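Report on one structure; see the data block that follows.
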Amino acid sequence: MARRKKIYEGKAKILYEGPEPGTIVQYFKDDATAFNAEKKAVIEGKGVLNNRLSEFFMTGLGQIGVPNHFIKRLNMREQLVRSVEIIPLEIIVRNYAAGTMSKRLGIEEGTQLPRPIVEYCYKDDSLGDPLVTEEHIAAFGWASQQDMDDILSLALRVNDFLSGVMMAVGIRLVDFKIEVGRVFDGDFQRLIVADEISPDSCRLWDIETGQKLDKDVFRRDLGDLKDAYTEVAKRLGVMPKTAAPITKPTLIN
Ligand code: 5GP
């Protein structure tokens, strides 16, 4: 088989040149990292689950008209996506306080926020993805005002969609992170959702028990990450046929 050209290797994914111009093959690794890669592990099967889950969310978003990079799944670990010019921002939407917001503002984790709050972080691992304001974004030219309007609209639409899908399977969408990229269609450019949407980039809590079903299981040593992601995939009906069944539920309070 011909070797593909690797474009980029990140913490959880590898990007290869796609078969057609303007396409990329996105490969999901089993690597889990946290705290800016200070904590690392290989969680066998995580990549397969995230490939499926990201496909599920991106396909659903496409069906309700939220533009995104997903084209098709290629195999257990790879999907074909549109190549984008990534905006160097992590766009975080929060419905309940948790994580850095709780730390920064002293709000107890799990407190419902008065409305969804959108935050922006500058994508730079060497700086630890610092929180920035729209002033920084405009002044440093990372995105235009029109881009910011589009990003806010995309982020809130993704939030409404994901919250509903999760609620239907008994999961609370606490918060999530998306990335957005620019694509060029002839003379027009527009922004679309890119990267991935998976339990690596969301906080997902069981509505009844509060059990964490996301990467905090790894960050905070709360149990078996694969079991948590498998539970999400199983509830959403996107469990890969070959994935091992869950042996026991990990109940964490
Ligand atoms: P926090 O700012 O509380 O650490 O994270 C808020 C949300 O964004 C969480 O759902 C978290 O998983 C996600 N998030 C923030 N930064 C990153 C990142 O660098 N990578 C990934 N995958 N998710 C992130």
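When a ligand or atom number is given, it counts from 1 through the structure's own listing order. Numbering of residues begins at 1 and proceeds along the displayed sequence. Model, not experiment: these values are computed from the prediction.
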Is the backbone of [Y] close enough, under 3.5 Å, to the side chain of [X] for a donor and an acceptor to pair up by distance?
X: D175; Y: V93; result: no
X: R94; Y: A98; result: yes
X: T230; Y: K226; result: yes
X: R219; Y: A34; result: no
X: D30; Y: K46; result: yes

In ligand 1, which numbered atoms sit nearer than 4.0 Å to a non-hydrogen atom of [X]?
X: R219; value: 11 (C), 12 (O)
X: D129; value: 19 (O)
X: R203; value: 1 (P), 3 (O), 4 (O), 5 (O), 6 (C), 9 (C), 10 (O)
X: G99; value: 3 (O)
X: D200; value: 12 (O), 21 (C), 22 (N), 23 (N)

*Where is the tightest heavy-atom contact between I171 and L204, given as atom of each residue plus distance?*
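In this case the closest contact between I171 and L204 is CG2-CB, 3.6 Å.
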
*Distance to 0.1 Å, residue and atom name: give those for the protein heavy atom nearest to atom 14 (N) of ligand 1.*
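Heavy-atom neighbour on the protein nearest atom 14 (N) of ligand 1: K177 CB, 3.6 Å.
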
*What's the shortest distance from atom 4 (O) of ligand 1 to any protein heavy atom, and which residue and atom give it?*
T100 CG2, 3.5 Å

_Region of C202 engaging ligand 1 - heavy atom pairs below 4.0 Å_ = backbone

*May I ask you to identify, for E90, whether its side chain, its backbone, both or neither come under 4.0 Å of ligand 1 on a heavy-atom basis?*
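Looking at E90 and ligand 1, just side chain atoms fall under 4.0 Å.
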
*Would you say E196 contacts ligand 1, with heavy atoms under 4.0 Å as the rule?*
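For ligand 1, residue contact (heavy atoms, under 4.0 Å) with E196 is absent.
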
_Test of understanding: with salt bridge (Lys or Arg N to Asp or Glu O under 4.0 Å), list the residues that count as partners of K39, not counting sequence neighbours._
D221

*Going by the angle between their ring planes, with limits at 30° and 60°, are W142 and F140 parallel, tilted or perpendicular?*
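W142 and F140: tilted rings.
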
*asked:* D175 versus ligand 1: do any nitrogen or oxygen atoms come within less than 3.5 Å of each other?
replied: yes

